[in-house]
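Remember, predicted model here, so these are calculated numbers, not experimental data. Keep in mind that the numbers below use all heavy atoms, side chains included, and drop hydrogens, waters and symmetry copies.
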Amino acid sequence: MTILESALAIEDQIKEYRHHIHRNPEVGFYLPKTAAYVQEKLAEMGIESEICGGPIDDAFRQKFIAAGFPDMAESTGVVATIGHGEPCIMLRADMDALPMTEAEGLVDFRSEVPGVAHMCGHDAHTAMLLGAAKLLKDRESELKGTVKLMFQTGEECGCGSRLMIDHGLMENPHVDAAFAIHVMADQEVGTLGFTPGITSAAMDTFMVKIKGKGGHSSTPHLCIDPLMIANQLYTTLNLLPGREIDPRETVALTSGKAGGGTAVNIIPDTADVLVAARTFNRDVTHHMVERIPEIVDHTVKMWRGDYEMLDFHTPSTYNDETLCEELKPYLDEVMGEGKVYNAPCMAGTEDFGYVGDVVPSVFATLGVGGKGAAPMHNPGMFINESMLPYGSALHANVAINWLENHSK
């Protein structure tokens, strides 16, 4: 049987994996139920696994609390290996859900956790990698090296992969290359896209708490109005891309949260502004990261205020051009002639970029919907589940052939 035929033969099992994870979503870095389920299913296949995670330091935690995420003291990524020796290729799936409510009547395995749902497809990613694990374990004696499975937490936080790397993900055994798939609900079903080079935007986030001096609105001269400063800061930062960045480059600067205060006649003591800049050119990224803190400092102090600022940075995801060329035939073999194409760079951010900064990597998108379908992060996002075994087959075929091509 071909890899795809083997994957299609276990399609019901892959769907069952997804349905269980979809009904039991968890948000953030700490996903104890999801991690336990993944480890249980791997053990049933005869695959040993371990938690790749641990305590999250306080400084890191405070950044995510400021960004609106719940406090998470620990991360619970899962790592497993199949095969033995060198070289080693890593396959990645993310496991975390989103803090949002799924539309009613969409599926009969709807989320059972209020206000939490898998509306970005990470349940499908985990299911597809579990399916790939089964395919690879059945062929373990044929593997010319090691396949490492990375089940990641906290992708929606922008740094789950970084935490796993910090906890030793890339060693024991040392990883030489990596591959990841993301389902796309608004991409034509049955297609696979990838972008050689930069494939997703970097995102640099700045969380500013402005400190003023509160008082009665009838005596503004006795106060330092943090809301006025926040307004000035918002306006000034939005001028930055148009005045200091080449018009041929792209910068998406957004303040997704701003404000403060309790009543119309009270000038508050503090106000908050959260700003994120998405960029593609690494020189542009560097300029924005350098200039935003300078503008914050000068604007706030110009109006006699003070501030505290936390920042966080997720790199762009880079697809190694040589690896893209090498993997293309293995992807074609599963998807079929004309179904694999060079896709445009994504405007979104994907924290697989931390992996791509360490080893040659490829990040691909699998079409599970089409034009007019609800997009990712939408309450009505829907996945055509017939593509799940294709995702499993893609993972397995890439791993088997890459190891064969790089065996010593």
(request) Would you give the length of the straight line joining atom CG of L130 to atom CD of E44, rounded to the nearest 0.5 angstrom? (result) 10.0 Å
(request) Would you name the heavy atoms of A80 and S49 that are closest together and state the gap between them? (result) CB-CB, 3.8 Å
(request) Please round to the nearest 0.5 Å and tell me the distance separating atom OG of S255 and atom CZ of F206. (result) 12.5 Å
(request) Kindly check if the number of other-residue, nucleotide or ligand heavy atoms within 6.0 Å of CD (E321) is above 12? (result) yes
(request) In sequence, state the C-alpha distance, the side-chain angles, and the governing distance for T314 and T205, and then conclude on side chain to side chain contact (heavy atoms under 4.5 Å, CB included). (result) CA-CA 8 Å; T314 302; T205 303; over 6 Å; no
(request) Answer yes when R18 and E385 have at least one side-chain N-carboxylate O distance shorter than 4.0 Å, and no when they do not. (result) yes
(request) May I ask you to say whether K328 pairs ionically with D332, meaning some side-chain N is under 4.0 Å from a carboxylate O? (result) yes
(message) Any donor-acceptor pair under 3.5 Å linking the side-chain atoms of T191 with those of Q187?
(response) yes
(request) Step by step, work out the side chain to side chain contact (heavy atoms under 4.5 Å, CB included) result for L135 and S392. (result) CA-CA 8 Å; L135 300 177; S392 296; 4.2 Å; yes
(message) With no hydrogens and no angle check, just 3.5 Å: does a side-chain donor-acceptor pair link H118 and E26?
(response) no
(message) Quick check for you: to the nearest 0.5 Å, what is the distance between T236 atom OG1 and I295 atom CD1?
(response) 7.0 Å
(message) side chain to side chain contact (heavy atoms under 4.5 Å, CB included), that's the test. Do S75 and H167 meet it? Break it down for me.
(response) CA-CA 10 Å; S75 61; H167 283 103; 4.1 Å; yes
Side chains of residues 340-355: which donor-acceptor pairs under 3.5 Å do they make with residues two or more places apart or in other chains?
unit_1: T349; atom_1: OG1; unit_2: A201; atom_2: O; d: 3.1
unit_1: T349; atom_1: OG1; unit_2: R278; atom_2: NH1; d: 2.6
unit_1: E350; atom_1: OE2; unit_2: R92; atom_2: NH1; d: 3.2
unit_1: E350; atom_1: OE2; unit_2: R92; atom_2: NH2; d: 2.4
unit_1: E350; atom_1: OE2; unit_2: F352; atom_2: N; d: 3.0
unit_1: D351; atom_1: OD1; unit_2: R92; atom_2: NH2; d: 3.2
unit_1: D351; atom_1: OD1; unit_2: Q152; atom_2: NE2; d: 2.9
unit_1: D351; atom_1: OD2; unit_2: Q152; atom_2: NE2; d: 2.9
unit_1: D351; atom_1: OD2; unit_2: C159; atom_2: N; d: 3.3
unit_1: D351; atom_1: OD2; unit_2: G160; atom_2: N; d: 2.8
unit_1: D351; atom_1: OD2; unit_2: S161; atom_2: N; d: 3.1
unit_1: D351; atom_1: OD2; unit_2: S161; atom_2: OG; d: 3.4
unit_1: Y354; atom_1: OH; unit_2: H313; atom_2: O; d: 2.6

(message) Please list all pairs meeting salt bridge (Lys or Arg N to Asp or Glu O under 4.0 Å) that have one or both residues in residues 304-317, counting only residues at least two apart or in different chains.
(response) K211-E308
Table please: side-chain donor-acceptor pairs of residues 238-245 below 3.5 Å, with sequence neighbours left out.
unit_1: N238; atom_1: ND2; unit_2: Y234; atom_2: O; d: 2.8
unit_1: E244; atom_1: OE1; unit_2: H287; atom_2: NE2; d: 2.8
unit_1: E244; atom_1: OE1; unit_2: R291; atom_2: NE; d: 2.9
unit_1: E244; atom_1: OE2; unit_2: R291; atom_2: NE; d: 3.3
unit_1: E244; atom_1: OE2; unit_2: R291; atom_2: NH2; d: 2.8

(message) For the CD atom on E104, are there more than 12 heavy atoms of other groups (residues, nucleotides or ligands in this structure) within a distance under 6.0 Å?
(response) no
(message) For E48, I'd like to know if atom CD has over 12 heavy atoms of other residues, nucleotides or ligands within 6.0 Å.
(response) no
(message) For a quick check under 3.5 Å, do Q232 and T299 share a side-chain donor-acceptor pair by atom type?
(response) no
(message) Tell me the closest heavy-atom pair linking S316 and R282, and the distance in Å.
(response) OG-NE, 3.7 Å
(request) Can you see which heavy atom on I14 is nearest to which on P389, and at what distance? (result) CD1-CA, 3.9 Å
(request) Count the heavy atoms belonging to other residues, nucleotides or ligands that lie under 6.0 Å from NZ of K213, then report whether that count exceeds 12. (result) no
(message) Would you say NZ of K134 has more than 12 non-hydrogen atoms from neighbouring residues, nucleotides or ligands within 6.0 angstrom?
(response) no
(message) So, taking the atom named CH2 in W303 and the one named CD1 in I229, what distance separates them when rounded to the nearest 0.5 Å?
(response) 8.5 Å
(message) With a 4.0 Å cut-off on N to O distance, would you call E140 and K137 a salt bridge?
(response) yes
(message) Are there over 12 heavy-atom neighbours, none belonging to E5, within less than 6.0 Å of that residue's CD?
(response) yes
(request) Compute whether any side-chain donor of one residue and acceptor of the other, for N397 and N401, lie under 3.5 angstrom apart. (result) yes
(message) Would H182 and E155 count as a side chain to side chain donor-acceptor pair (under 3.5 Å) here? Give the steps.
(response) CA-CA 12 Å; H182 200 303; E155 194 283 324; 5.4 Å; no
(request) Could you please spell out the steps behind the side chain to side chain donor-acceptor pair (under 3.5 Å) verdict for Y37 and N24? (result) CA-CA 10 Å; Y37 179 78; N24 301 277; over 6 Å; no
(request) Nearest 0.5 Å please: distance from the OG1 atom of T153 over to the CE atom of M164. (result) 6.5 Å
(request) Evaluate side chain to side chain contact (heavy atoms under 4.5 Å, CB included) for V359 paired with M170, printing each intermediate quantity in order. (result) CA-CA 9 Å; V359 296; M170 308 304 285; 3.8 Å; yes
(request) Identify the two heavy atoms, one from D225 and one from L227, that lie closest to each other, and give their separation to 0.1 Å. (result) OD1-N, 2.9 Å
(request) For H286, look at atom NE2 and say whether over 12 heavy atoms of other residues, nucleotides or ligands are found less than 6.0 Å away. (result) no
(request) Measure the OG1-CG distance between T365 and D186 for me, rounded to the nearest 0.5 Å. (result) 9.5 Å
(request) Measure across E156 and H122 and return the closest heavy-atom pair with its distance rounded to 0.1 Å. (result) OE2-CE1, 3.3 Å
(request) Would you name the heavy atoms of V183 and H125 that are closest together and state the gap between them? (result) N-NE2, 3.0 Å
(request) Measure from the ring center of H19 to the ring center of H22 and say whether it is less than 6.0 Å. (result) no
(message) Just checking E188: does its CD atom have more than 12 heavy atoms from other residues, nucleotides or ligands closer to it than 6.0 angstrom?
(response) no
(request) Assess the side chains of D123 and Y17: does a donor N or O sit below 3.5 Å from an acceptor N or O? (result) no
